[in-house]
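I have placed the structure first, in the form of C-alpha cells, so that the comments after it can refer back to it.
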Amino acid sequence: MIPAAFEYVAPTTVEEALAALAEHGDEAKIIAGGQSLLPVLRMRLNAPEWVIDLGRIESLRGVRDGGDHLVIGAMTTHHDVGQDPLVHEHALLVSKAITHLADAQVRHRGTFGGSLAHADPGGDLGAPALALGSTFVVQGPGGTREVAAGDFFVDLFETAISDDEILVEVRVPKHDGWVASYEKFVRIAHQWPIVAVAATLRMEGDTIAEARIGLTNMGSTPLRASAAEQALVGQPATEEGVAAAAALVVEGTNPPTDLNGTAEYRRHVATVFTRRAVLAAAGRG
Amino acid sequence: MARINLTVDGQQVADDVEPRTLLVQYLREQLGKTGTVIGCDTSNCGACTVHLNGRSVKSCNVLAVQVDGAEVTTIEGLAAEDGTLHPVQESFRECHGLQCGFCTPGMIMQTVDLLAENPSPSEEAIRLGLEGNLCRCTGYHNIVRAVQHAAGTTTETSSEAGASA
C-alpha cells in the first residue's frame, strides 16, 4: 500500500515549520518519526496535501537538565530517551515505559513528542507523562505557551495543541530516588496495550510515602488514578497493603469495549495490574 | 519529485523520487535491491528491516525523502565483497535459523543491530530484541540459537538441543 500523493517540506527551524503550517493549514500534516502517521497514510485513512517533516530540526532533539525538571525535546527518539542517563536518574517511570513501547525498530525512529501529540489512548507515554506532572511546551505564531499534562490530553487523538502550533518540548519534574514500574497487558508482542499501569513511588523504608499512578487505555485519554494514589500513602508495599488502593484505581475510568475485552474486563485488569505495578516498583514483584 | 542523495550499501546514489515513495519501494524498485522484502505492509512484521545511519528501522515506515543525506545498509550490503558471509548470516545458516526464509533478511538486520548494542544478550533479551520481527515457520527457537551462536553465548545445552531439534 502506498500513500496518496502529497507535497513534502522539511524545514530546519521551528519558525520555518510554523510558517509552512500557517501557509497550508488544514491541508497539512506534521510528521515527526512517522511511526503512527505512515501506516495511516499507507492505509489512506488520511490523505494530506502537504506533509511537513520536523526531522531536520536539530533544536528539537535531545534531553537536558532544566534544574528541578528534565527537558525532553519533542523530536528525541524513544530509543534515545530510553537510553538517557538523566531520564533514568530523574524520571525512571519514563525509562521503564519506553522498554515496553512498540519494538526496537520503531523506537529508533518514533519520537517522544510525536507519540504524545498523536494522543492515541493506547500510547505508552501519556500515562507516565501525566503521572509525573509534566508540562507540555507548544510553539505557535505568537510564541510559546505551557500546557499542564492534565489539560494536554483532550480526547481520542486530540490534544490542546492548536492547528497553528507545534509541540516543541516536554518538561518532566524530577522524581529523584522514586522507584517505578510500567506494567503492560498485551495479547500480541509489540502491540498497543489492552490496559497498562504506570506507577512510581517514593519509599520511606518499607512504607509508601508518595505515589503517582497513570492509566493507559482506560478512557479516551491517559488518566491519573488520584484516589488510589492517596490510598497508597502510608501503606506497606505488601499484597495486603496495596489491595484496597488497587481497587480504587477504576474510579473515574471509562474504558472501551472492543475485540480485546469489555470495559468491565479492562477494569478488572487495571486493578490487578495496579497491584502488580506498585509491588514491582517497590521491588516486591 | 524530490532529489535525494544517499549512500546505500556503500554506494553513493542520487535519484528523483515522489515524496510518497516508501524507502522499501525505493530500494526494491529503483535500486533493484530486492533482498529487502515487503512482508505485511502494516509495519508489524519487520521483514523490511534495514539500517538507517547504523540503527535498525522498518523501511516500509520511512519515506525515501526522509533519508536524503543518510547512510542505508540492507541485507545485500552485509556480506564481504568476495562473498564471505557476515557472521550473523553464517550463524543463521549454521543453526538453521530459517525455514521459508522470508523473514530472514529482517531477522538478520535486527540481530546485527541487537548485537551491536548488547554483544552478549540473554535469551530473554534476544526474544525482546526481535519482538518486532515475525516468523511464521520456525517457532523462533532456532532463530534465538542463531543469535546466541553469533554472540558466542551458545551454551552446551542449547547447542545440543539445537542439534536434536
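Just so we're on the same page: letters track the sequence lines, and every chain starts at 1. What you are looking at is a predicted structure, and each value in this text was computed from that prediction instead of being measured.
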What one should report as the nearest heavy-atom pair of D103(A) and K58(B) is OD2-NZ, 2.7 Å
Chain B heavy atoms under 4.5 Å from A10(A): which part of the residue, side chain, backbone, both or neither?
-> neither
Flag yes if more than 12 heavy atoms outside D26(A) fall under 6.0 Å of its CG atom; otherwise flag no.
-> no
Residue R3(B) excluded, over 12 heavy atoms near CZ under 6.0 Å = yes
Taking everything shown except R44(A) itself, do over 12 heavy atoms lie less than 6.0 Å from its CZ?
-> yes
Nearest heavy-atom contact between L22(B) and P3(A) is CD2-CD, 4.2 Å
Distance-only donor-acceptor check, side chains H79(A) and E117(B), under 3.5 Å = yes
Under 4.5 Å, counting heavy-atom pairs only, tell me which of T42(B), I38(B), V62(B) racks up the most with chain A.
-> V62(B)
Side chains of P19(B) and V51(A) in contact at under 4.5 Å (non-hydrogen atoms) | no
Of the backbone (N, CA, C, O) and the side chain (C-beta and beyond), which part of L41(A) lies under 4.5 Å from a heavy atom of chain B, both, or neither?
-> neither
So CZ of R109(A) and OG of S59(B): to nearest 0.5 Å the spacing works out to 11.5 Å
If you tally heavy-atom pairs under 4.5 Å against chain B, which of G33(A), G34(A), P39(A) wins?
-> P39(A)
Contacting moiety of L52(B), where chain A heavy atoms sit under 4.5 Å = side chain
For the residue pair S56(B) and Q105(A), confirm or rule out a side-chain donor-acceptor distance under 3.5 Å.
-> no
With a 4.5 Å cut-off on heavy-atom pairs, point out which of Q66(B), M109(B), Q110(B) contacts chain A the most.
-> Q66(B)
Is the closest side-chain donor-acceptor distance between R42(A) and S43(B) under 3.5 Å?
-> yes
Atom CE in M1(B), atom OH in Y8(A): separation rounded to 0.5 Å?
-> 15.5 Å
Given I31(A), I2(A), L37(A), the one with more heavy-atom pairs under 4.5 angstrom with chain B than any other is I2(A)
Atom group of L128(B) that falls short of 4.5 Å from chain A, counting heavy atoms = neither
Under 4.5 Å from any heavy atom of chain A - which part of D68(B) = both
